[in-house]
Number of protein chains: 2
Amino acid sequence: MSPKITTELLRQLRQVMKSSRYVAEPIQAYIVPSGDAHQSEYIAPCDCRRAFISGFDGSAGTVIITEQKAAMWTDGRYFLQAAQQMDSNWTLMKMGLKDTPTQEDWLVSVLPEGSKVGVDPFIIPADQWKRMSKALKSAGHVLVPVKENLIDAIWMDRPQRPCKPLMTLDLSYTGIGWKEKIAALRAKMVERKVLWLVVTALDEVSWLFNLRGSDVEYNPVFFAYAVIGTDTIRLFISGDRTADPSTREHLLLDSALEAEFKIQVVPYESVLTELQAICVGLSPKEKVWLSDKASYALTEVIPKAHRYLTPYTPICIAKAVKNTAETEGMRRAHIKDAVALCELFNWLEKEVPKGSVTEVSAADKAEEFRSQQNGFVDLSFATISSTGPNGAIIHYKPVPETNRALSGNEIYLLDSGAQYKDGTTDVTRTMHFGTPSAYEKECFTYVLKGHIAVSAAIFPNGTKGHLLDSFARSALWDCGLDYLHGTGHGVGCFLNVHEGPCGISYKTFADEPLEAGMIVSDEPGYYEDESFGIRIENVVLVIPAKTKYNFSNRGSLTFEPLTLVPIQTKMISIPLLTHKECDWVNDYHRKCREVIGAELKSQGRHEALQWLIRETEPITKMH
Amino acid sequence: MSPKITTELLRQLRQVMKSSRYVAEPIQAYIVPSGDAHQSEYIAPCDCRRAFISGFDGSAGTVIITEQKAAMWTDGRYFLQAAQQMDSNWTLMKMGLKDTPTQEDWLVSVLPEGSKVGVDPFIIPADQWKRMSKALKSAGHVLVPVKENLIDAIWMDRPQRPCKPLMTLDLSYTGIGWKEKIAALRAKMVERKVLWLVVTALDEVSWLFNLRGSDVEYNPVFFAYAVIGTDTIRLFISGDRTADPSTREHLLLDSALEAEFKIQVVPYESVLTELQAICVGLSPKEKVWLSDKASYALTEVIPKAHRYLTPYTPICIAKAVKNTAETEGMRRAHIKDAVALCELFNWLEKEVPKGSVTEVSAADKAEEFRSQQNGFVDLSFATISSTGPNGAIIHYKPVPETNRALSGNEIYLLDSGAQYKDGTTDVTRTMHFGTPSAYEKECFTYVLKGHIAVSAAIFPNGTKGHLLDSFARSALWDCGLDYLHGTGHGVGCFLNVHEGPCGISYKTFADEPLEAGMIVSDEPGYYEDESFGIRIENVVLVIPAKTKYNFSNRGSLTFEPLTLVPIQTKMISIPLLTHKECDWVNDYHRKCREVIGAELKSQGRHEALQWLIRETEPITKMH
């Protein structure tokens, strides 16, 4: 992977930073956040502004360009990748390390007195604007909104914003119709005494209307906003997207309908002016509900006294708790996904020794097997197919320049998933096609112990996921090891593979308590730079746990793995497991064999079935 | 314990809330926070305003009185006690339970439109003022500072503010002289580019000047503020406290001295006006450093542009990391404390069967044995001596009305500690003087497993204590049990038994990362209302850990118990322990026997030594 040469681009950007065509007064720094106007994690090509200017194309990273310097902040998953993709114009700021300055502190340390720092107000979340603005102000600088995006100004071949057809989901997938969802939402609004709710996150709009799209790769969403009033519904969406008869019927656009469920379709671009108009009409105590992560631009048009900001919208929280139709869909999706992976691993076992399989071809094969499954729509993220040292690049994506052949001498890590109409999958398995070293097995086993510690954890109702993070690390910590990423993220149901408001991380973000029906990943790992990477990931469903006692009548929760793909026992150093951990592995493999075995059989995939049976043989721990 | 009758007091308070003698305009609600003007946890009798008005005298609780209602917020440690101490005028707000409103939400729900809410600006921390003020404002109300304290206005026999003699500590105790501490502090001030630092916490003033006092029960501190400039030192302190020759010498008040170390002694009451005068003289970019937990009154006199607020002052952080002289002092203190407890438990074993020992007499006896030790100054908090159902009241203090006889039929919980000139102790042991039930043993063993899980945890340098909290709960959670308090708090060195900035809690407060030299408590528990309480508490020192590997060269930490008092093995259900946990118990008891045994011998306490030897017999787990 050779770095992108950015000298000329930076020169141009620094020019527009001083040009009166774009800024009222010259700005001394320009911030390019990672997301789009909806604060999406995965973004459309037209929104990949940070990648365009810096070369770094990971999923998280913020860039700041001053008159002299250019710096990029990203987290532990991306340290290696970013270092490889950026040229010497750039300073890599490793977030989470003790000596790395925050963006604010860095700006204050490099800016000349009384500087102006610009940012696109649609791209920066309001909470970040607030923090940044405050820090700059207290150091004598000022954060200014720059209406025209300055990256777009120098980006000659910037792609169009996508506008692909919509897909409707019926009750068998969603469990709840969109009218019911709107009604439940309005009940929440009444409870909080708000009159309006602005929906800015793309997956929230998709979920609310039981629609899906394909505007953003891997995420079945479409560009839209929604504004829900107590008796109006406005859907801001471009083009002729609601022209399709099935969509019109789904949204009841041509039906006689109670007025409060009549959807007004409004052009996407007019959200700001429409919201402005709504705010003009507000009486003194009337409130507009919005996530504090919504864009500064949208937040700012709501006068402060009328804003009702929360870290999560009620849609985000409702969406996280899957109903029976959704959990059943997720189960079906994970069974199909496991069939594809059994086929893949069986194929790899045969092909790797021949020397012809590479990271890219293995990823392609995985996609091929997945695409054979009913209801397959897309991958859920770029497949991480990495062998040997590439495995240590936590969010590695194989490209021709780095593509490595799989062999019997290196660990292979595959983190992949798909979007099925039933649900979303995300699974990581770490395999060895030869004989792993004792050290590799030792590290794998610590990671497995951490995976089991989370998966088998029992905890009180109301517990936040971040309280479980250390369970995943304990075995690694005992030996002085660790990994620099969180342990789990929420997973959508045929929606974004990363979703809030729950997760399992040492970073104590404002996660909502776990409750039965939520779905998260459990994915501890261990990475040795230049050498190998290990990660074991299942998607798990939060379920009620039966316990001997029941303190304060609170009830307890635990996890049920939805992912049912064998964990390579060859990689386990059995003496390091406790008897309870051995039992967990054997129980898990028994379930894989039962459930996935039956599906492989019914799909007539006999060779993969044999592979599954071999790979799910019980392990035995001697006394 | 009968509740305090508060009807008349509330009537009087509601009168002064409308009286133009005290408030410019009538206020509709009055907030009485827990602390004093220094945001102390333990307060002098003259500052016990919340206890005076409500009857509830626990260490944490905030009261709000409106025209119609009176409510008191406290945490899980105090639910039972508060319910017993408050009469029917009061609503108990159980913090941490899902349905309990925050103070802000409650106020908004009960106040008439456009209300004024009053509070003493010296008593409310600035961060709380800010949050409360914002919430009230957004609901159309306003928070107003009421200069004269309204509780004081109706408190006829309010005690005087104490003004007791000071004690000086030499280098053998402190390890670092006060001039050196000031110099290090100024280096931190230069680093952060601040010109002034305001010290408001009493233990920070004590630590900085290597002085101790006895103005507040259990906490060896004295009423004072300090304002440190780059070349001036102002100590705000009342009365003739610096008249004593040894104090004058210690502070070098009469010595020829570099100007920057010359201490100006200023009256305690003038801190506000002096700070105002300092702020008038500030140039535009000059900053004053202050904790964001300092009082609103002091914070407010510093113009916003000149404020430099952090959750912790550099003194708080420096004080938390004990130097060698301090850790050695803490070790000595804990050895003496263990001697006293061995004597006590040996005495209890003999006396309890006679039926003559009560919670009060046991607590008195504990104090008697402690006071026999060299350098004993005071207890470090009110002894929690509780048997049977009283043990479930987490911060129970025995009083004649509740005093219960110890017996062979109930669990006895003793949480106690002392201030020695060398250091501060805090230890909890749970004992049975008869035959514990299988259920009691089961619960005790889960608590012990949690205690060991924290004490033996190995974790990377830079880990925050809150990431260890779940380790203490895991064994309880597995059976559906839990406890409603944090697992540990920082412990001062001959200072406050509770100190920041570190701790081990599920509440993710802004704790600083643990580092070698910090000292915290490890005290999981289990409480069954109306039945019994179990807690096992050691004070532990953070030390470097040797690990097999060393990821990212970060280094690892673990804990070393400073408390060396046997854990009653009779209470342990050995089959529930792992072999590793058994080894931990045996290793711990071996160390108790060695270290405390030697001290008991040298003090000629032969009977207690025999008790110690009996109580530290190894336990054996069968396969």
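Values below: every heavy atom of this structure, side chains too, minus hydrogens, waters and symmetry copies. Letters A, B, ... are given to chains in the order of the sequence lines, protein chains preceding strands, and every chain is numbered from 1.
Between the CZ atom of Arg307(B) and the OG atom of Ser138(A) there is a distance of 12.0 Å, given to the nearest 0.5 Å. For the atom pair OG (Ser552(A)) and CG (Leu484(B)), the distance works out to 5.5 Å, reported to the nearest 0.5 Å. The line from CD1 of Ile458(A) to OG of Ser474(B) is 9.0 Å long, rounded to the nearest 0.5 Å. Put simply, CG on Asp478(B) and NZ on Lys548(A) are 11.5 Å apart, with the number rounded to the nearest 0.5 Å.
Neither the backbone nor the side chain of Lys193(A) has a heavy atom closer than 4.5 Å to any heavy atom of chain B. When heavy atoms are compared at a cutoff of 4.5 Å, Lys287(B) approaches chain A solely by way of its side chain, counted from C-beta outward. With a 4.5 Å cut-off on non-hydrogen atoms, Lys285(A) touches chain B through its side chain but not through its backbone. Only the backbone of Ala139(A) comes within contact range of chain B, with at least one heavy atom under 4.5 Å from a heavy atom of that chain. Residue Thr578(B): no heavy atom, backbone or side chain, is found under 4.5 Å from chain A. Interface residue Tyr439(A): only side-chain heavy atoms are found under 4.5 Å from chain B. Proximity to chain B is absent for every atom of Thr558(A), based on heavy atoms less than 4.5 angstrom apart. Looking at Arg554(A), the atoms closer than 4.5 Å to chain B (heavy atoms on both sides) all sit in the side chain, from C-beta outward.
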### Message
Apply side chain to side chain contact (heavy atoms under 4.5 Å, CB included) to residues Phe471(A) and Phe471(B) and explain how you reach the verdict.
### Response
CA-CA 7 Å; Phe471(A) 290 154; Phe471(B) 291 154; 4.0 Å; yes

### Query
Do Tyr526(A) and Phe551(B) pass the side chain to side chain contact (heavy atoms under 4.5 Å, CB included) test, and can you show the C-alpha distance, the side-chain angles, and the key distance before you say yes or no?
CA-CA 10 Å; Tyr526(A) 176 68; Phe551(B) 176 67; 3.8 Å; yes

#### Entry: Worked check of side chain to side chain contact (heavy atoms under 4.5 Å, CB included) between Thr547(B) and Cys479(A)
CA-CA 5 Å; Thr547(B) 54; Cys479(A) 291; 5.7 Å; no

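Scanning all heavy atoms of the two residues, the minimum distance from Asp482(A) to Pro460(B) falls at OD2-CG, 3.7 Å. Pairing each heavy atom of Trp477(A) with each of Leu468(B), the nearest pair is CZ3-CD2, 4.0 Å.
Listed for the Ser556(A) side chain is no donor-acceptor partner under 3.5 Å among the backbone atoms of Gly480(B).
Using modelled atom types and a 3.5 Å distance limit, the side chains of Tyr549(A) and Glu442(B) yield a donor-acceptor pair.
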